[in-house]
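Before any comments, here is the structure.
Each chain gets a letter, A, B and so on, in the order the sequences are listed, and its residues count up from 1.
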There are 2 protein chains.
Amino acid sequence: MLKLTKRFKLRYELNNQDFCNSFAKILIGKCYNTLLKIDLSVKNEILKYLSKYTTITRELENAIKENTFIKSFGKGTTLLSEGEISTECYFLLKGCIRSYIIENGEEKTIEFYTEEQVVTPSNYGKATPSNYYFECMENVIVSVGNPELEKETFQKHPQLDSLSRVIAEIIMAKNQDSFAKFKTSNPEERYLNMLKTRPELVQRVPQHQIASYLGVKPESLSRIRKRIISNK
Amino acid sequence: MLKLTKRFKLRYELNNQDFCNSFAKILIGKCYNTLLKIDLSVKNEILKYLSKYTTITRELENAIKENTFIKSFGKGTTLLSEGEISTECYFLLKGCIRSYIIENGEEKTIEFYTEEQVVTPSNYGKATPSNYYFECMENVIVSVGNPELEKETFQKHPQLDSLSRVIAEIIMAKNQDSFAKFKTSNPEERYLNMLKTRPELVQRVPQHQIASYLGVKPESLSRIRKRIISNK
DNA sequence: TCACTTCATTGACTAAAGTTAAGAAATTAT
DNA sequence: ATAATTTCTTAACTTTAGTCAATGAAGTGA
């Protein structure tokens, strides 16, 4: 039940599969048509995601087609640093992105983003500097948005305004639930919940980062794990 | 600096001022024009809030005019219970609403909403039952939304789609920041932060509810306060 | 105003998390 | 493959939070 094993194999696979390698460290650029020739699965990812929230009409498909840009970043890339203005947001197609702050010389992980999640720094599109760092934990493939592109897209395709609003509201509801869950749990319950809801993540990222993500020190998480194993 | 005094006076005032009494426990109903005659300040509240995010055009003003409904609830009213379907969301004009869960017979406060905040249960507009209770801590005046009204409004006034999306994104960014702050703080820091960012709230709600809101037991918050006072 | 209830504080004790330091294991780089 | 580095675990000890129980203060209702 509880998977407390090594993550070496999984991370190796994640960083070496064909799908990932075919894009690594290359800016692919404006894209949908190009992508079709390169890898159909990226198209499918985006449409699969959107089809959860709306009917994919011919018109919508065209809107997506015209306005989807794909970028790829190598493992370890810092997408945004503290103090910087954020001009990009991402839809994560492949890989893992971590946001964190540095406090008293110590990294504190705020969030891990994985496939099909939207990564929007809280200062995105604003003139204020970022409080957070965003870093690629693995080789990453994303669909990129920026304020100018958004503006253009929303003007050309007003139906996307409504879709975005709906998706924003859904994401917000999920965030609220996560926050509530966090507030009403202790560290052990948070870890157990994470094993249940995001088991693959536990294998993909180092444990000391999970610790701060759960609001405890690495030593405490180590003890929590020990406790869990011994208690059954 | 640290306001650790009694909250009786403040609560008394909040529940007795003219503004509040003029609406108390009355469903005012469809509204903007009527409201103008009853109390201009409600109109001003809504327009003031929206003017932060957009230019108030004649058209927008009309859209608001047609689609704003006001309701008033007495202190202690439960707006939504666990297990219920949520069919209303609110924009809080006056008063305080608390969301909480009951776990092992114990109430755990998730959020306190006050003036100018949007109250959207995470199951609002969905077929799933609520995980939370929403309760009025004081007499409350809200602008009410429901899915049918929203649909109608957005169809009639597509420009509101965009405004709503923008506001949703801003609220989401704020929520993310709050969550990050919570994760990276210990209980004492959370309390100090609350005194700084929402000092009036500390006076308006009982301390044991603040405790669970900060993720600790009432006894611990009591000790934290003691520590803070003695440490300066 | 008095009785009743809820809420806040305190104390004694237990459990869990933070701190510091050391060493083992895993991962990465050469 | 080996060395260097990072990550994880363990231990001893300190600090803080949880638990249970008692008491006093504040708030509520008759």
How close or far is atom [atom2] of [N] from atom [atom1] of [X], stated in whole angstroms?
X: B:Glu106; N: C:dC7; atom1: CD; atom2: P; answer: 13 Å
X: A:Leu221; N: D:dT10; atom1: CG; atom2: P; answer: 12 Å
X: B:Asn186; N: D:dA17; atom1: CG; atom2: C1'; answer: 11 Å
X: A:Ile224; N: C:dA16; atom1: CD1; atom2: P; answer: 10 Å
X: B:Arg225; N: D:dT16; atom1: CZ; atom2: C1'; answer: 18 Å
X: B:Glu189; N: C:dG18; atom1: CD; atom2: P; answer: 11 Å
X: A:Gln209; N: C:dA26; atom1: CD; atom2: P; answer: 19 Å
X: A:Ile210; N: D:dT7; atom1: CD1; atom2: P; answer: 12 Å

Original post:
Is the shortest side-chain N/O distance from A:Lys75 to OP1 or OP2 of C:dT28 below 4.0 Å?
Top reply: yes

**OP:** Ignoring backbone atoms, establish whether A:Gln207 has a side-chain N or O less than 4.0 Å from OP1 or OP2 of D:dT9.
**Re:** yes

Show me the protein contacts with nucleotides 3-6 of chain D, counting only N or O atoms at under 3.5 Å.
none

**OP:** Report the nucleotide, chosen from D:dT16, C:dA8, C:dA17, that has the shortest atom-to-atom distance to any side-chain atom of B:Arg227.
**Re:** D:dT16

**OP:** Assess whether atom NZ of B:Lys126 is packed by more than 12 heavy atoms of other residues, nucleotides or ligands within 6.0 Å.
**Re:** yes

Original post:
Partners of A:Ser143 by side-chain hydrogen bond (donor to acceptor under 3.5 Å, both in side chains), sequence neighbours excluded?
Top reply: none

Original post:
For B:Glu107, which residues count as a side-chain hydrogen bond (donor to acceptor under 3.5 Å, both in side chains) partner, sequence neighbours excluded?
Top reply: B:Arg98

Original post:
Of all residues at least two apart in sequence or in a different chain, which pass the salt bridge (charged side-chain N to carboxylate O under 4.0 Å, His left out) check with A:Glu189?
Top reply: none

Original post:
What class does the angle between the rings of A:Phe179 and B:Phe182 fall in, given that below 30° is parallel, 30 to 60° is tilted and above 60° is perpendicular?
Top reply: perpendicular

Original post:
Taking only residues two or more places apart in sequence, or in another chain, which ones meet A:Tyr213 in a ring pair (Phe, Tyr, Trp, His ring centres under 6.0 Å)?
Top reply: A:Phe112

Kindly give the atom pairs (protein nitrogen or oxygen, nucleotide nitrogen or oxygen) under 3.5 Å for nucleotides 10-15 of chain C.
residue: C:dA12; atom: N6; partner: B:Arg223; partner atom: NH2; Å: 3.2

Subject >> Geometric cation-pi criterion, A:Lys71 with A:Phe73: 6.0 Å, 45° >> reply: no

Subject >> Close side-chain approach of B:Leu201 and B:Cys96, heavy atoms under 4.5 Å >> reply: yes

Subject >> salt_bridge(A:Lys183, B:Glu103) N-O dist < 4.0 Å >> reply: no

